[in-house]
Amino acid sequence: MKDSLVALLVESMRTLQARGDVPSDLDLTPQLERARDRQFGDFASNLAMVLAKPSRQSPRKLAEQLINALPSDPRVERVEVAGPGFINFYVRPDGHHSTIGQVLDQAAAYGHTNLGAGQHIQVEFVSANPTGPLHVGHGRGAAYGACVANVLAACGYEVTREYYVNDAGRQMDILATSVWLRYLEVCGEELSFPDNGYRGDYVIDLAKSLHQQLGKRLHKSAESVFDELPADGRDGGDKEAHIDALIKRCQQLLGKTEYRLLFDHGLDGIRADIAADLEAFGVHYDLWFSERSLSEADAIEKAIEALVAKGLVYQEAGARWFASTRFGDDKDRVVQREDGRYTYFAADIAYHHNKFERGFDRIVNVWGADHHGYIPRVRAAVEALGHDPEHLQVRLVQFAILYRGSERVQMSTRSGSFITLRELREEVGNDAARFFYVLRKAEQHMDFDLELAKSQSKDNPVYYIQYAHARIASMRRKLNADAATTFDPAYALEQLHQLTEEREQQLVDEIARYPEVVEHAARTLEPHLIAHYLRDLASHFHVYYNGHRVLVEEANLRAARVALCVAVQQVLRNGLDLLGVQAPERM
RNA sequence: GCGCCUGUAGCUCAAUCGGAUAGAGCAACGGCCUUCUAAGCCGUCGGUUGCAGGUUCGAUUCCUGCCAGGCGCGCCA
């Protein structure tokens, strides 16, 4: 419908151009949007206002001319000029009703478009270090990333959902060492756990399972571990130096093979836990990309060498630097340390190089807002390696501040007093968690009220939408209970002219809008639009259902109304599906 | 100090890539259940869109400068 109206406007504009009323060198596609208010018809275009200046005519006068030159279309009831020069289209009722048929026909595919045209797009999200369970901050990235991926897939993109596993580097060594120390405790050693170690209970669990698997094979005495180590922070020393020395000692005492065994036990245990957590949250991945696999394939070295070949790497103060300032970064960045080890950034250069080499047309990174300073250097690297930085989009997700009622929930990662995603899911449920996370724009700071999310009351917007779906399901059960009234779509679609109520028109309009909302969400990577849309749709439904009886005696009218409700239910289900929220049959 | 994000009703947030009279929910107050689920509906109350300029037919949206909050500015990850 929308497309054909745009075509009409193009026709009309061409006619005026041929007449010389509008400069012929203008080549623009008319903007047509769904009217905000019913009094302005169904669709509105600002074409006349845009053309007014170059044509040196008043917008309203131009609008009149455009309307007069408009080819006729049987679906259009009338076209009017309004306000400063809007061209408002009024569509005939049967033009509206056809959407009900479309929804019933396309079912789960209704709302899907071919915006992406099969383009390959990668969405990388969460990618939290596997040093502990996911917390509620990661949850928002998970919900957002999953929805973005779903929406893109619905719009015809070939989507790869990816998690970058930082399974190399110092933090992981700290984790391995932490597990080992707990393991030694299980073996009966007494020791003072380092300030900078990971203190969570999950570390103790990992130590116990390690002990179960290997017995005392990795056992060393506490004396041999702590002998002549630099003092820890609490003893007046440097806690960083202390933990680094501990890691080194651990590696020395265990040897390469045994250390790897320990390291992988921690890594695999936590990665499996994260994967299970996300899976239970309805977040699925196509690929868990290992950082370690980059160094094992010498990909980091190769990526840096590629920069060297372009003359973008130089030596200074013992380290090697990438001249990222040449591509807009604030300062140049170290890629290889004095001791020869590559930096985290170097691995990320290789990773992004790898992404582009895999042939993705677009790459979307979902990062926590605290990483925003990192964007310019990654873009610089991408560009330096000869890739189009425009094809890399970084979306920042702000943190959620948790509240219990009006009281703020305090969290700190180090002390282990953070709330995990799992705890959140258990407390408020997956549906509420998913919905609350994506209800807000990603870059908006968000207040997440646990009390509200778990309240099984009308205050909770998740239930409001689910309830609309369940109500329709209930109505259909009642309908199907009697064979004489069973819903017959083919027959019902012949009866749609029965839908003459104002509120029925509004509901149909609302349904017709859905594909545009999905497409808009895909274009802007803003799934919150869908959450808001669903609340609007549910609201329109509740209003209608409260004011008009659907299961009336008169068979034709009943069939038409049921068809409308079935269509509403389908759209609710499709939308909730994109958000990863259940559409219950009963509540 | 520099950079990024945010600032909209008492609270939490929307506002269709610059559109018409800035909208919901919650909170407050008043109504609607012998009828398809009251987890619902209807009504009332609520605004100088942080402030000041600019761009234009038109600005919550774009630009500049201030103010306030958050985050970042490592050979950490």
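All values derive from a computational prediction rather than experimental measurement.
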NA contact type, A:R586, heavy-atom cut-off 4.0 Å: base, sugar-phosphate, or nothing?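 Answer is base: heavy atoms of A:R586 come under 4.0 Å of a base.
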Which part of the nucleic acid does A:H469 contact within heavy-atom distance under 4.0 Å: base, sugar-phosphate only, or nothing?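 Contact class for A:H469: none.
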So, for A:Y314 and A:F322, is the gap between ring centers shorter than 6.0 Å?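 No; A:F322 has its ring centre 6.0 Å or more from that of A:Y314.
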Ring centroid separation A:Y351 to A:F289 under 6.0 Å: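 For A:Y351 and A:F289, the ring centres are under 6.0 Å apart.
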Can you measure [X] atom [atom1] to [N] atom [atom2] for me and round it to whole angstrom units?
X      : N     : atom1 : atom2 : result
A:D37  : B:G23 : CG    : P     : 9 Å
A:K441 : B:A14 : NZ    : P     : 6 Å
A:Q315 : B:C75 : CD    : P     : 15 Å
A:H445 : B:G7  : NE2   : C1'   : 9 Å
A:I401 : B:C11 : CD1   : P     : 15 Å

Nearest of [options] to any side-chain atom of [X]?
X      : options             : answer
A:Q398 : B:C5, B:C13, B:C76  : B:C5
A:E443 : B:C41, B:U6, B:A77  : B:U6
A:Q444 : B:C36, B:U6, B:A77  : B:U6
A:H371 : B:A77, B:C41, B:G19 : B:A77

Phosphate-side-chain proximity, A:R337 and B:A77, N/O vs OP1/OP2 below 4.0 Å: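 Yes, A:R337 has a side-chain N/O under 4.0 Å of OP1/OP2 on B:A77.
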Assigned glycosidic conformation for B:C51 [threshold 90° from 0]: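 Base orientation: anti.
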May I ask you to decide whether A:R60 forms a salt bridge with A:E64, counting only side-chain N to carboxylate O separations under 4.0 Å?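 Salt bridge: no.
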With a distance cut-off below 6.0 Å to the six-membered ring centre and an angular limit of 45° from the axis, does A:R333 pair with A:F345 as a cation-pi contact?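 Cation-pi check for A:R333 and A:F345: fails.
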